[in-house]
Engineer: 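Handing you a structure now.
We count ligands from 1, going down the list as the structure has it; atoms in each ligand are counted the same way. Keep in mind that the numbers below use all heavy atoms, side chains included, and drop hydrogens, waters and symmetry copies.
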Amino acid sequence: MKYYSTNKKITDVSLQDAVVKGLADDKGLFMPNNIKSLPQSFFDTIENLSFQEMSYTVADAFFGEDVEADALKKIVYETLNFDVPLVKVTDNIYSLELYHGPTLAFKDVGGRFMSRLLGYFIQKQNDNSKVKVLVATSGDTGSAVANGFLGVDGIHVFVLYPKGLVSPIQECQFTTLGQNITALEVDGTFDDCQALVKSAFMDEELNAKLKLTSANSINVARFLPQSFYYFYAYAQLKKLGIANEVVMCVPSGNFGNITAGLFAKRMGLPVKRFVAANNLNDIFLQYLQTGQYKPRPSVSTIANAMDVGDPSNFARVLDLYNNSHEAISAEISGVSYNDQQIAETLKQCYTETGYLLDPHGAVGYKALQDGLKESEIGVFMETAHPAKFLETVETIIGEKVEIPQKLQEFMKGTKQSLSLSKDFESLKKYLMEL
Ligand SMILES: *Cc1c(COP(=O)(O)O)cnc(C)c1O
């Protein structure tokens, strides 16, 4: 399969180059030349397949031309070695818990899949120089990517994070790993970390010496595997006999997750419609209402993984619908809630149903509560475990939240990180001397 850039200046790129580069040279995002439809027979019996089995069929449609069957199967099966349960919250609302992976974030699937696919391509290149993955994080991305790449041969990951601005639980998820993961504690903000990474990709001397790449959701290998979730949600509903009018609701930031859902629908998955659920950063809702896409600086909220003012995957949504505002509006609706609404929803859901949401899932749950029609069944993506946002959640519900064993294990490790100032020269010097 070849890939083209959403900016249309670059075409016919191999999967390998698309994965290794991340972003196209014309600054566009890579899109596959075609999205294969899966046969009706697949959907007729999907409820009898395991998560791994159905995901392999999906992965084969995307990557099968470029990766040998055995290798691809191994990548899929290793990536998805945890469950993604569908939990009933109310009569017509279900939570798809995406947070049972190693770092309790839905980004684990993309992080693990990408690390293995990149590892596969590096091995094929038969080139001994290590690839260096730079990742700037405000918390969740760093932990998912670092844990995904942990122990993968030929790749070293550098996580740049802002000193004192990452929650203690998140920090220990990428500073205690060792091996091929190095945490760089930057004396600055998340924006400074992101700027450092950008400068590194633009620095000729550095790129002449090192093979650098990035691992955020602009990378096809990071965002596409998230489509597995949508097939699995549908299969579980079908098993319950309630898959006729399915609404998928996705708490969204950079729109990688929901775009993967839109790809699933394009492959034939019978989803009636999608809801993009946002916090106060409502750029997408504004687009739906006005037809104008106007990015603006993000504001901070209690659902902070969605504090994005210029969602990078919006370019893919536009491309998927040929820039038609009408077509986009016909399949996707939007909502935006403020912190108070998010907190009230979290508390109300917990009190009335006993189900504990995290602040991101709460946005999705409320969107379904407010917008679901009588004949519809809604599924929201529960993107993180509530314990990851411990203080926020405990304050809202007025109770202690149990920290899962997996998170406690991270907290036992010893923090190891290198301090860096926020000026680029110190990062460059560090990388050049490796
Ligand atoms: C990353 C993230 C999101 C947003 O996902 P996108 O793919 O960027 O839209 C939502 N919730 C949580 C907990 C996240 O970590």
Engineer: Measure up the F51 and F228 rings against each other and bin them: parallel (under 30°), tilted (30 to 60°), perpendicular (over 60°).
Structural biologist: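 Ring orientation, 0 to 90° scale: perpendicular.
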
Engineer: Working to the nearest 0.5 Å, report the span between CD1 of I242 and CD1 of I377.
Structural biologist: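 Those atoms lie 4.5 Å apart.
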
Engineer: Find all protein N or O atoms under 3.5 angstrom from an N or O atom of ligand 1 and list the pairs with distances, or write 'none'.
Structural biologist:
residue, atom, partner, partner atom, Å
ligand 1, 7 (O), G256, N, 3.2
ligand 1, 7 (O), N257, N, 2.9
ligand 1, 8 (O), N254, N, 2.8
ligand 1, 9 (O), G253, N, 2.7
ligand 1, 9 (O), N254, N, 3.3
ligand 1, 9 (O), F255, N, 2.8
ligand 1, 11 (N), T383, OG1, 2.8
ligand 1, 15 (O), K107, NZ, 2.5
ligand 1, 15 (O), D140, OD2, 3.1

Engineer: Test F113 against F63 for ring-ring contact (aromatic ring centres under 6.0 Å, His included), laying out the working first.
Structural biologist: CA-CA 12 Å; F113 192 95; F63 307 117; 5.3 Å; yes

Engineer: Does K8 come within less than 4.0 Å of D319, counting only side-chain N to carboxylate O?
Structural biologist: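 Judged by the 4.0 Å cut-off on N to carboxylate O distance, K8 and D319 do form a salt bridge.
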
Engineer: Is the closest basic N to carboxylate O distance between E376 and R273 below 4.0 Å?
Structural biologist: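 Yes.
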
Engineer: Parallel under 30°, tilted from 30 to 60°, perpendicular over 60°: which one fits the rings of F43 and F231?
Structural biologist: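 Aromatic pair F43/F231 classed parallel.
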
